[in-house]
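Everything numeric in this text was worked out from a predicted model, so none of it was measured.
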Amino acid sequence: MKPAPFDYHRATSVRDAVQALADAAGDGKIIAGGQSLAPVLALRMARPKVLVDINRIPGLSTIVSVDGGVRIGALVRHARLVEQTGHPMLAEAARWIGHTAIRSRGTSGGSIAHADPAAELPVVAAALEATIHIAGPRGTRTSSAAEFCTGALETTLAEDEMVTAVDMPLPQRWGFAEFSRRHGDFGLVTVAAAEVGGHWRIAVGGVGSVPLRVEEAEQLLDAGAPVEQVAAAAAAATAPSSDIHASAGYRRAMTAEFVRRALVQEKERVAA
């Protein structure tokens, strides 16, 4: 199937892009890598009137140091996240995103804005309590990762707003583990654990409509509880649904196992 007809606008600036979205009156879509949007268009699950191409906008493809972390521009490709050395946790998480072709085209801003609860970057953003930069015709604003995702593929982005960058704090210690049926698939369970500012945060993807923070497990980890106890508390905090890929019980069991693996990974890294 081919996409329904649409107009195409190549934006030259962020201001130009958000104005094009505003002019579309809720019937426009941003396109950058197109790794999520293109299949949806091909299946005619979405029929936007206008596609706003942001690939030529200068300044959105940079990775720069900011206080306590790095700022990832919306057009930074996943492959570049793998290659960069300023934020090792992001590099590790990006290695799990799809396949080489997907990592070569897909963008950090696109992944965050798409808000797939099983995708790697939203889970890492939740664990790091990342700050998301947003632009619209009324100006700019920021959102915490926790407030940004409101449901599966749903965010607080208005129809005429776009993600421009994400600030990812640099953790003192971290672990990342993912379980999928095949390499390159979305994770059935994805776990990001990070110590930032002396406190652990653990986010789990694939067990709900948004990346889930497991606060009791975080508190146990801060208190020095054994890894197995932390992992069990994390699994107990989830309430996943069964689907064609896995039962709820299986996802919960995998949550415990992959929280354990993420934390053991961190211990092994320190020991090495």
Side-chain angles (χ1 to χ4, degrees), residues 3 6 8 10-11 14 17 21 28-43 45-46 48 51-64 70-128 130 132-135 145 148-149 152-155 157 161-168 176 178-188 190 192 203 205-206 210-211:
F6 55 82
Y8 173 81
R10 177 176 287 170
V14 170
L21 290 175
K29 287 286 186 184
I30 294 286
I31 188 165
Q35 298 306 290
S36 299
L37 181 59
V40 171
L41 295 176
L43 293 170
M45 295 172 66
L51 283 188
V52 181
D53 186 342
I54 63 171
N55 280 291
R56 300 292 180 89
I57 296 178
L60 297 184
S61 301
T62 59
I63 301 175
V64 298
V70 296
R71 179 166 297 168
I72 309 295
L75 284 177
V76 172
R77 313 285 169 179
H78 303 318
R80 179 125 175 264
L81 288 181
V82 174
E83 295 167 354
Q84 57 83 34
T85 58
H87 200 299
M89 184 180 185
L90 271 177
E92 175 61 24
R95 289 188 184 95
W96 290 84
I97 298 175
H99 303 281
T100 300
I102 292 172
R103 292 193 294 273
S104 296
R105 288 297 304 164
T107 63
S108 55
S111 179
I112 293 294
H114 189 56
D116 190 312
E120 290 80 3
L121 293 188
V123 177
V124 172
L128 293 174
I132 299 166
H133 294 261
I134 297 165
F148 184 72
C149 293
L153 312 182
E154 296 179 350
T155 71
L157 272 181
E161 291 182 319
M162 61 175 280
V163 172
T164 58
V166 183
D167 288 355
M168 295 281 195
F176 181 90
E178 178 174 306
F179 173 66
S180 59
R181 296 177 64 192
R182 299 173 303 183
H183 177 71
D185 286 358
F186 280 110
L188 290 179
T190 301
V210 299

Interatomic spacing from CE in Met168 to CG in Leu90 - rounded to 0.5 Å: 5.0 Å

Donor-acceptor pair, side chain of Arg77 and main chain of Arg103, under 3.5 angstrom: no

Nearest-0.5 Å distance that lies between atom OG in Ser108 and atom CZ in Arg71: 12.5 Å

Gap between atom CG of Leu41 and atom CD1 of Ile31 - 0.5 Å precision: 6.5 Å

Pairwise side-chain contact, Val70 with Val64, heavy-atom cut-off 4.5 Å (strictly under): no

Nearest-0.5 Å distance, OG1 of residue Thr107 to CD1 of residue Ile112: 9.5 Å

Shortest non-hydrogen contact between His114 and Ser36, atoms and distance: CD2-OG, 3.5 Å

Steps toward side chain to side chain contact (heavy atoms under 4.5 Å, CB included) verdict (Val14, Leu60): CA-CA 9 Å; Val14 170; Leu60 297 184; 4.2 Å; yes

Worked check of side chain to side chain contact (heavy atoms under 4.5 Å, CB included) between Glu161 and Leu21: CA-CA 7 Å; Glu161 291 182 319; Leu21 290 175; over 6 Å; no

Straight-line distance of Arg182 CZ to Asp185 CG, nearest 0.5 Å: 4.5 Å

Interatomic spacing from CD1 in Ile57 to OG1 in Thr164 - rounded to 0.5 Å: 10.0 Å

Verdict with reasoning, Glu83 to Arg80, per salt bridge (charged side-chain N to carboxylate O under 4.0 Å, His left out): CA-CA 5 Å; Glu83 295 167 354; Arg80 179 125 175 264; 5.9 Å; no

Contact summary for Thr190 and Ala118, nearest pair of heavy atoms: OG1-O, 3.8 Å

Criterion side chain to side chain contact (heavy atoms under 4.5 Å, CB included) on Met162 and Val52, from CA distance to verdict: CA-CA 11 Å; Met162 61 175 280; Val52 181; over 6 Å; no

Heavy-atom pair of closest approach, residues Pro117 and Val123: O-CG2, 4.0 Å

Nearest heavy-atom neighbours spanning Cys149 and Ala115: SG-CB, 4.0 Å

Trace of the side chain to side chain contact (heavy atoms under 4.5 Å, CB included) decision for Val82 with Ile97: CA-CA 10 Å; Val82 174; Ile97 298 175; over 6 Å; no

Over all atoms of both residues, closest heavy-atom pair of Ser180 and Phe186: CB-O, 3.5 Å

Aromatic plane relationship, Trp96 with Phe176 - under 30° parallel, 30 to 60° tilted, over 60° perpendicular: tilted

Any donor-acceptor pair under 3.5 Å from Thr155 side chain to Leu157 backbone: yes

Minimum heavy-atom distance between Ala93 and Val124, given as atom pair plus value: CB-CG2, 3.6 Å

Val163 side chain near Ile132 side chain, heavy-atom distance below 4.5 Å: yes

Donor-acceptor pair, side chain of Gln84 and main chain of Leu81, under 3.5 angstrom: yes

